[in-house]
Enquirer: 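My questions all concern the structure below.
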Amino acid sequence: MKIQDTLTKSEQEVDISKKVKIYLCGVTVYDESHIGHARTIIVFDVLRKYLEDKGIEIEFIQNFTDVDDKIINRANEENKTAGEISTKYIENYFEDFDGLNVKRATNYPKATEHIEDIIKFIEKLIEKGIAYPTKNGVYFSVSKFPDYGKLSKKKIDELQSGARIEVDEEKKDPLDFALWKLSDKEPVWDSPWGKGRPGWHIECSAMSIKYLGENFDIHGGGRDLIFPHHENEIAQSESCTGSQFAKIWMHVGMVTIDGEKMSKSIGNVKSIKHVIENWGPNIIRLFCLSGHYSKPIDYSEELLKENLIKWRQVETCHYELFHANNENSENIDEFVAKICTEFDRALDNDFNTHMALSAFFQIVKEVNRLAAEEKLGNENTKTVKKELKRMREILGLTIPEITENVKDEINKLIIQREQSRKEKQFEEADKIRDKLNEMNIELIDHKGKTIWMIKEKIKAEK
RNA sequence: GGUACUCUGGCAGAACGGUUAUGCGUGAGCCUGCAAAGCUUAUACAAGGGGGUUCGACUCCCUCGGGUACCUCCA
C-alpha cells in the first residue's frame, strides 16, 4: 500500500510485513465535534479497518488534548473546572463517533495523564541544549533544529520576517514555541521549572513516542495541522531522539462550506450531532469518503442527497440478496472477484476511497440488475454476499439486523396484502403497505413475489 | 507577500501519454392494480488561458490567471 507523504511529497510504501503503527491527532475537547473532525477520523477509521481486514495488526493511537487555553476559557465562562469541561466533551466525542460507527482506537491517551512523560521529554531537550527556560516557561529553540520547516516547506527566515510581534520578550527567537507554560491558575502541575502546564505540541511527541516508539508508520491529521503543530512535533521529536520520527505524514483535506473552511468565526460549523440527526451515519460516511482524502470536500445538502440515493441502492441490494431465491440464477462470482480486486487496488493506491466506492457500487448495481431480471438465486450469491459484507465493514456502513419476530410479523402482513391484491381489494392492500411504511419497511413488488426491506429513517429525506 | 494544494461535462469526481471512468441529474422506456424502489437505454463532443515536448497530452515541461488553505488557535 502506498500513501502520499507530505514530508517527501512522494508516495511511500506502508510496511505491512509487521504491525502497522498509526498516530492520529485527535481533538481538543472544549466543544462539540463537527463534520470536519468526522471526515479526518472516518478516513483513518476506514484505513485501519482495511488493513485489519487484510490481517495486519494495527496499533492505532489517537490523543485527546485535554489541557489548553480554549478549555480553560470555556471552563471560566461556564464557571466549571477545566476537568469538567474536558470530561464532558470526551463523553460527547464518544457519543458522536460511536454513532458514526467509528471503531475505537487502541488507546486514547490524554495530555493530563502524561504530564510526567512530557516533563521528562522537556528535560531531555534542555539537557541537549535545544530548549531553554525563561521566567514564563520553557521554550524550544527553533534555530537548534536546522531542518525546521521541512514538513510545511517554510523557510525559517521567511517565517521570521512574517512573524507577528511577540509579547514574550524572554524568548530568544520569535519562532520559539512553548513546551511548558508557567502559571498559577488551575489546572497546573509541578515541574522542575515551577507550576504550569504543557504547551500544545509537546503532548503529541511525548505520547506518540511512548506508545508507538521513536519511528512509527503513519502520523495523521487534518491539513491545517501541518503548520505549526506537526512541524513542531517533528522538531521536538527528532531533536530528542536523534532519529526519524513518523515515516509517513498523511494529511486529510478540509471540509468546506460554500468553498470556505468551517470556522467558529464565520459561524458555518456543522456539528456531528446535527448531521447525524438529519442524515444518519451511513450517508455521512459515504459523503466523507466520496472524494480523495487529501482534497477538500464541500459540504452541501445536494451532495448528501446524492449519497442518500446511493445508500438506498445499497439497502435495496442488501435485501434483494437477503431474499434471493430465483430458480434460474446467474453466477457472477467472476465479476465480483474482478471488482474486489479493483476495490483493493484503489485503496492500495494512495487510499483512493472514491475509486473503491465506485467498485463497490458496481457490484451493488449488478446485484440490483439481476434482481430486476429475476436472476438472483440463493445458491450463486454466497460470494457476493460475503464480499459485499466485507466491503461494507471496511467502509463502516451498517444495516440493522432484524429479529425473527419482526420478520414473522412482516411476512404475515405481506401475505394479507397479497390476498387483498388477488381479490383486487387495492384499498385494503394499500392500507397494509402504508402500515408497513410507517414501520420503515418498504415493499418491492417483483413479478413473482414481493420482498421487503428495512429503510434507514432519514430525517432530511423529502 | 511566502508556502502548499487545487482548476475535468448541469453537479460530484477518478485513472491513464494514444478507447476519458463511475455516480447524481435529465429524457425515454420496462416492471406495477397504482406507487415506491429497482432495471434498461439515451444524454455531456468536458479538462482555467497561452505556449512547448511528442507521431499523439486531460495526463510531462514552461508561463499567465482563478480558487482554497496555512503562515495565530484549528481535523
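Chain A is the first sequence line, chain B the second, and so forth, proteins listed ahead of strands; every chain is numbered from 1.
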Enquirer: Determine the interatomic distance between C1' on B:rG25 and the same-named atom on B:rU19; round to the nearest Å.
Expert: 25 Å

Enquirer: Base, sugar-phosphate or nothing for A:Gln313? Non-hydrogen atoms, less than 4.0 Å.
Expert: sugar-phosphate

Enquirer: So, do A:Tyr93 and A:Phe97 have ring centers that fall under 6.0 Å from each other?
Expert: yes

Enquirer: With a non-hydrogen cut-off below 4.0 angstrom, is A:Phe426 in contact with a base, only sugar-phosphate, or nothing?
Expert: base

Enquirer: Is A:Lys424 touching bases, backbone alone, or none of the nucleic acid, heavy atoms closer than 4.0 Å?
Expert: nothing

Enquirer: Please report the distance separating the P of B:rG38 from the corresponding atom of B:rA75, rounded so that it comes out in whole Å.
Expert: 38 Å

Enquirer: How would you label the contact of A:Arg345 with the nucleic acid (heavy atoms, under 4.0 Å): base, sugar-phosphate, or nothing?
Expert: nothing

Enquirer: Does the pair A:His34 and A:Tyr299 meet the rule for a side chain to side chain donor-acceptor pair (under 3.5 Å), with working shown?
Expert: CA-CA 12 Å; A:His34 56 66; A:Tyr299 176 96; over 6 Å; no

Enquirer: When you compare B:rG2 with B:rU8, how far apart are their P atoms, in angstrom units rounded to a whole number?
Expert: 25 Å

Enquirer: Hey, does A:Arg39 reach any base, or is it just sugar-phosphate, or nothing, if we go heavy atoms under 4.0 Å?
Expert: nothing

Enquirer: Would you mind classifying the nucleic acid contact of A:Ile41 as base, sugar-phosphate or nothing, using non-hydrogen atoms under 4.0 angstrom?
Expert: nothing

Enquirer: Just name whichever nucleotide pairs with B:rA14, Watson-Crick or G-U, keeping both distances under 3.5 Å, else none.
Expert: none

Enquirer: With sugar-phosphate meaning primed atoms plus P, OP1 and OP2, does A:Gly36 contact a base, only sugar-phosphate, or nothing at under 4.0 Å between heavy atoms?
Expert: base

Enquirer: Between the base of B:rA35 and the side chain of A:Asp445, is there a donor-acceptor distance below 3.5 Å?
Expert: yes

Enquirer: Report yes or no: is the cationic atom of A:Lys172 (NZ for Lys, CZ for Arg) closer than 6.0 Å to the six-membered ring centre of A:Tyr139, at no more than 45° off its axis?
Expert: no

Enquirer: Is the distance between the ring centroids of A:Phe44 and A:Tyr23 under 6.0 Å?
Expert: no

Enquirer: Spell out yes or no: do the side chain of A:Arg433 and the base of B:rA35 have one donor N/O and one acceptor N/O closer than 3.5 Å?
Expert: yes

Enquirer: Identify all pairs in which a protein N or O lies below 3.5 Å from an N or O of nucleotides 25-30 of chain B, and state each distance.
Expert:
none

Enquirer: Determine which nucleotide pairs with B:rU3, using a 3.5 Å limit on both distances of a Watson-Crick or G-U wobble pair.
Expert: B:rA69

Enquirer: Determine the contact category for A:Asp430: base if any of its heavy atoms lies under 4.0 Å from a base atom, sugar-phosphate if only primed atoms, P, OP1 or OP2 are that close, otherwise nothing.
Expert: base

Enquirer: Does OP1 or OP2 of B:rC39 have a side-chain N or O of A:Lys365 closer than 4.0 Å?
Expert: yes

Enquirer: According to a strict under-4.0 Å criterion, is A:His37 in side-chain N/O contact with OP1 or OP2 of B:rA75?
Expert: yes

Enquirer: Provide a list of protein-nucleic acid N or O atom pairs under 3.5 angstrom, restricted to nucleotides 4-7 of chain B.
Expert:
none

Enquirer: Taking the C1' atom of each, how far is B:rA12 from B:rA44, in whole Å?
Expert: 14 Å

Enquirer: With a 3.5 Å cut-off and heavy atoms only, can you find an N or O donor on one side and an acceptor on the other between the side chain of A:Lys154 and the base of B:rC71?
Expert: no

Enquirer: Mind checking who B:rG27 pairs with, Watson-Crick or G-U wobble, both distances under 3.5 Å?
Expert: B:rU41

